[in-house]
Amino acid sequence: MKKIILLFVIVFNLSCYAQKIDRIEPPNWWVGMNHNQLELLIYGKDIAQFKPSVDNKNIQISAIRKTENSNYMFLKLDLSKAVSGKFNINFSKKGKRIDFSFPYELKERTQDSKLREGFNNSDVIYLITPDRFANGDVSNDLVKTMNEKTVDRKNDYGRHGGDIKGITNHLDYIDEMGFTAIWPTPVLTNDMKKASYHGYAMTDFYEVDPRFGTMKDYVDLAQQAKNKGIKLIMDQVANHIGLEHWWMKDLPAKDWVNYQDEFLKNNMVTTNHRRTTNQDVYASVKDKNLMSEGWFVSSMPDLNQRNTLLATYLIQNSIWWIETLDLGGIRQDTYPYPNKQFMSDWAGAIMNEYPNFSIVGEEWSVNPLLVGYWQQGAKTKDGYVSNLSSTMDFPMQKAIVDALNEAESWDNGFVKMYEGLANDFSYASPSNIMIFPDNHDMDRIFTQLKENVVNTKMALGYMLALPRIAQLYYGTEILMQNSSKPGDHGLIRTDFPGGWKDDKVNAFTGEGLTSDQAEIQSFLKKVLNYRKNSEAIHSGKTIHFAPENGVYVLFRIKNDEIVAVILNKNDQPISLNLNRFDEVGLNGKQVKNIITGEALMFENNLEIGSKGVLIFTTKK
């Protein structure tokens with residue numbers, strides 16, 4: 001009986017000790033990393049009162065940092081000599097007796113992890129809002145422990161039930177369409193009380209939202225995509241969190257979020273959104289600070305990356321996901337909003353760990369000078385070094401839409417595209433910039449182009465031939481639109497037809513599509529699959545000719561492969577004099593229309609019967 005009582009006491013004590021640690025983040029690490037000085041966030045009731053130690057001779061504690069909150073400890077470990085395996089982090093309160101221990105694991109890295117290649121200009125990225133793409137597992141639609149407990153496909157801002165398995169189940173479709181990478185918007189836990197579907201107000205940086213699936217589902221998506229040659233790009237947010245993040249219930253430090261004192265007094269300070277203060281030599285300090293430190297919106301606390309503990313946490317979190325998911329890239333949200341120096345350090349740490357990796361940052365500006373400022377290699381007047389491989393080409397996107405919506409004149413129409421592309425002289429690496437017709441935050445391209453199918457095909461054909469990384473939003477291939485409510489984000493992120501069991505239209509199979517939808521889907525499939533293997537488009541020389549008589553022509557050239565893109569706004573038949581393009585070296589050669597398969601000789605005159613886009617190649 002005494003033995004039973006003693007055993008009960010021991011088990012009870014161990015369970016009490018185990019409860020002292022609620023979280024250790026990152027939850028594991030790897031040996032052989034450049035980042036071998038690991039800083040663990042340890043969270044538990046009064047954990048700061050304990051003294052940590054490790055029982056591994058190859059691992060040294062190099063620093064113990066504490067904050068005003070005794071529930072947090074930041075433990076820095078020197079892993080430069082560590083080997084893979086598990087070890088205990090021991091905690092003692094008095095003397096040498098160990099009060100309790102917590103197991104921690106160091107894993108072996110995937111072979112050649114350091115050499116992983118990110119996305120590049122050979123890729124076309126399929127941007128997906130997971131909640132609106134396909135419901136692969138109806139059992140996770142409702143999770144009783146989450147704040148938002150309803151699924152309503154009629155509510156544009158509610159959850160609709162799409163998930164990670166929905167993407168995985170349709171990788172064949174994505175692959176057959178010709179996409180080479182996928183970018184799902186965030187799938188980490190977003191336990192907000194409403195509009196949680198979009199994912200950008202994260203409440204846990206290390207947990208997959210259970211309504212999207214499990215960590216296993218996420219890893220499975222990455223592995224199956226990789227098996228098909230499709231890269232997985234993760235959408236990350238370093239600028240802010242959701243108000244329901246677990247940190248906000250017990251803030252780690254007095255300066256963990258910006259305007260923390262004001263928040264605690266129920267006074268919200270939001271950003272002025274004046275992103276030009278990052279470059280403006282005349283900007284006031286007040287404007288600069290409010291831009292980077294103000295909250296994005298009142299429900300998204302702004303993280304203070306000047307706090308070195310938080311900065312390290314965010315850097316390690318990004319690296320952890322790269323290793324865990326075998327990522328092919330990161331898209332960083334709201335890039336100009338966080339602390340500038342931190343963003344340089346963050347991107348630099350990632351590129352130091354993975355020299356061939358790719359990161360694209362969102363700078364929503366139609367000014368090419370502002371977009372170019374953030375790209376690695378830019379000659380910045382203030383000496384800023386971003387370490388960011390790619391930025392988003394909002395200027396060229398706007399130029400294309402304006403050009404196609406306008407009637408031709410000396411300074412309107414195609415000349416906007418012609419002069420927009422001429423701005424490439426200002427970019428450090430134009431071919432590493434990301435072009436797109438639309439995204440999850442702007443009107444669908446079909447809506448922007450006033451539901452003109454021909455103009456939409458011209459926009460897409462042109463974009464996919466540019467010296468750029470290309471990105472298309474799900475549904476673009478079937479002319480999805482939000483014309484009834486321009487600017488409405490919920491409608492922009494409409495459900496993809498066929499992603500739910502009872503959908504009457506199925507875009508995955510083509511069942512129920514209109515003739516226009518089927519035509520644009522077929523058009524894109526042919527262009528994307530040609531582009532996938534086109535060295536001329538990936539890395540060829542670009543030559544374009546000033547628009548004349550409602551026609552704009554662009555060529556991509558690499559060795560024996562020449563691709564010609566002819567954009568024509570004329571409603572009546574025209575005869576295009578091909579001798580104007582002699583310098584390209586195409587005269588007298590046979591070319592093939594990549595859409596129709598028709599072959600012809602590129603010489604003298606080309607008779608064009610109607611408005612639209614023609615794409616020719618010398619490849620057989």
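Numbers here are sequence positions counted from 1. FYI, side chains are in, hydrogens and waters are out, and symmetry mates aren't considered; it's all heavy atoms of this structure.
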Enquirer: For the ring pair Trp364 and Tyr335, is the centre-to-centre distance below 6.0 Å?
Expert: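 Not close enough - the centres of the two rings lie 6.0 Å or further apart.
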Enquirer: Does some side-chain heavy atom of Gln375 sit less than 4.5 Å from a side-chain heavy atom of Asn432?
Expert: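 A side-chain contact exists here, since the closest heavy-atom pair is under 4.5 Å.
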Enquirer: Please check: side-chain N/O of Lys611 versus main-chain N/O of Pro573, any donor-acceptor pairing under 3.5 Å?
Expert: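 Not confirmed, Lys611 side chain does not pair with Pro573 backbone.
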Enquirer: Is atom CG of Asn412 surrounded by more than 12 heavy atoms (other residues, nucleotides or ligands) closer than 6.0 Å?
Expert: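 Above 12, so yes.
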Enquirer: If we ignore hydrogens and angles and just use 3.5 Å, is the side chain of Ser344 paired with the main-chain N or O of Lys340 as donor and acceptor?
Expert: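 No, Ser344 side chain to Lys340 backbone: no donor-acceptor pair under 3.5 Å.
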Enquirer: Not counting sequence neighbours, list each pair that qualifies as a ring pair (Phe, Tyr, Trp, His ring centres under 6.0 Å) and has a residue in residues 573-599.
Expert: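 Output for this query lists Phe545-Phe581, Phe555-Phe581.
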Enquirer: Side chains of Phe616 and Leu600, heavy atoms from C-beta outward: is any pair under 4.5 Å?
Expert: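 Yes, their side chains come closer than 4.5 Å.
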Enquirer: For the residue pair Asp333 and Asn239, establish whether any side-chain heavy-atom pair is separated by less than 4.5 Å.
Expert: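 No. Closest side-chain heavy atoms not under 4.5 Å.
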Enquirer: The criterion is ring-ring contact (aromatic ring centres under 6.0 Å, His included); which residues satisfy it with Phe508, sequence neighbours excluded?
Expert: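 Once residues adjacent in sequence are excluded, the partners of Phe508 under the ring-ring contact (aromatic ring centres under 6.0 Å, His included) criterion are Phe133, His170, Tyr173, Phe496.
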Enquirer: Could you grab the distance from atom NZ of Lys558 to atom CD of Glu561, nearest 0.5 Å is fine?
Expert: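 Going from NZ on Lys558 over to CD on Glu561, the span is 9.0 Å.
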Enquirer: Is there a donor-acceptor contact under 3.5 Å from the side chain of Glu353 to the main chain of His35?
Expert: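 Answer holds: yes.
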Enquirer: Any donor and acceptor pair, going by atom type alone, linking the side chain of Thr447 with main-chain N or O of Ser483 inside 3.5 Å?
Expert: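 It does hold such a pair.
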Enquirer: Measure from the side-chain N and O atoms of Gln223 to the backbone N and O of Asp220, and report whether any donor-acceptor pair falls under 3.5 Å.
Expert: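 Not a single qualifying donor-acceptor pair exists.
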Enquirer: What is the minimum heavy-atom distance between His489 and Asp441, and which atoms define it?
Expert: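 Answer, listing the atom of His489 first, then Asp441: NE2-O, 3.2 Å.
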Enquirer: Quick check, are the ring centers of Trp374 and Tyr384 under 6.0 angstrom apart?
Expert: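 When the ring centroids of Trp374 and Tyr384 are compared, they turn out to be within the sub-6.0 Å range.
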Enquirer: Can any side-chain N or O of His198 pair as donor or acceptor with the backbone N or O of Asp131 at less than 3.5 Å?
Expert: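 No; zero donor-acceptor contacts below 3.5 Å.
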Enquirer: Please test Tyr337 against His240 for ring-ring contact (aromatic ring centres under 6.0 Å, His included), starting from the C-alpha separation and ending with a verdict.
Expert: CA-CA 9 Å; Tyr337 285 84; His240 55 261; 8.3 Å; no
Enquirer: Identify whether the distance between the nearest side-chain nitrogen and carboxylate oxygen of Glu477 and Lys525 falls below 4.0 Å.
Expert: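 Here Glu477 does not pair with Lys525 in a salt bridge, since their nearest N and O are not under 4.0 Å apart.
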Enquirer: Would you say the side-chain atoms of Asp393 pair up with the backbone N or O of Ile435, donor to acceptor, closer than 3.5 Å?
Expert: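 Answer holds: no.
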Enquirer: Arg444 side chain to Asp438 main-chain N or O, any donor-acceptor pair under 3.5 Å?
Expert: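 Side chain of Arg444 to backbone of Asp438: no pair is present.
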Enquirer: Looking only at atom types and distance, does a side-chain atom of Asn570 sit under 3.5 Å from a main-chain N or O of Asn549, one as donor and one as acceptor?
Expert: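 Between the backbone of Asn549 and the side chain of Asn570 there is a qualifying donor-acceptor contact (under 3.5 Å).
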Enquirer: Given Arg531 and Ser534, is the side chain to side chain donor-acceptor pair (under 3.5 Å) satisfied, shown in steps?
Expert: CA-CA 5 Å; Arg531 189 189 192 280; Ser534 173; over 6 Å; no
Enquirer: Give me the atom names and distance for the closest heavy-atom approach of Ile478 to Pro497.
Expert: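 Between these two residues, the closest heavy atoms are CD1-CG, 3.5 Å.
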Enquirer: Drop me the distance from Asp175's CG to Phe179's CZ, to the nearest 0.5 angstrom.
Expert: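 Separation between the atoms: 11.0 Å.
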Enquirer: Does some side-chain heavy atom of Gln448 sit less than 4.5 Å from a side-chain heavy atom of Gln397?
Expert: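 Yes; the side chains approach each other to less than 4.5 Å.
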Enquirer: Measure the CD1-OG1 distance between Ile182 and Thr168 for me, rounded to the nearest 0.5 Å.
Expert: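 Rounded to the nearest 0.5 Å, the CD1-OG1 separation comes to 7.5 Å.
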Enquirer: Grab the two heavy atoms, one from Ile233 and one from Arg331, that are nearest each other, plus how far apart they are.
Expert: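 Nearest heavy atoms, Ile233 then Arg331: CG2-N, 3.7 Å.
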Enquirer: How would you list, by chain and number, every residue that makes a ring-ring contact (aromatic ring centres under 6.0 Å, His included) with Tyr473, sequence neighbours excluded?
Expert: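 Result, ring-ring contact (aromatic ring centres under 6.0 Å, His included) vs Tyr473: none returned.
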Enquirer: Keeping the roles fixed (side chain from Asn121, backbone from Arg468), state whether a donor-acceptor pair exists under 3.5 Å.
Expert: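 Such a contact is absent between Asn121 side chain and Arg468 backbone.
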Enquirer: Can you find a pair of side-chain heavy atoms, one from Phe119 and one from Thr180, that are under 4.5 Å apart?
Expert: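 No; the side chains remain at least 4.5 Å from each other.
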Enquirer: Are there over 12 heavy-atom neighbours, none belonging to Gln111, within less than 6.0 Å of that residue's CD?
Expert: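 Not more than 12 within 6.0 Å, no.
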Enquirer: State, yes or no, whether a side-chain contact exists between Asn352 and Asn387 at a heavy-atom distance under 4.5 Å.
Expert: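 Asn352 does not reach Asn387 side chain to side chain.
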Enquirer: Measuring from Glu176:CD to Ile174:CD1, what's the distance to the nearest 0.5 Å?
Expert: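 Answer rounded to 0.5 Å: 10.5 Å.
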Enquirer: Check this for me: Lys398, atom NZ, are more than 12 non-hydrogen atoms of other residues, nucleotides or ligands nearer than 6.0 Å?
Expert: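 No, NZ of Lys398 has 12 or fewer neighbouring heavy atoms, counting only those of other groups under 6.0 Å.
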Enquirer: Looking at OG of Ser318 and CD1 of Ile359, how far apart are the two atoms once the value is rounded to the nearest 0.5 Å?
Expert: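 Rounded to the nearest 0.5 Å, the OG-CD1 separation comes to 8.0 Å.
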Enquirer: Could you give the distance from CE (Met458) to CG (Leu614), rounded to the nearest 0.5 Å?
Expert: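 One finds 10.5 Å between CE of Met458 and CG of Leu614.
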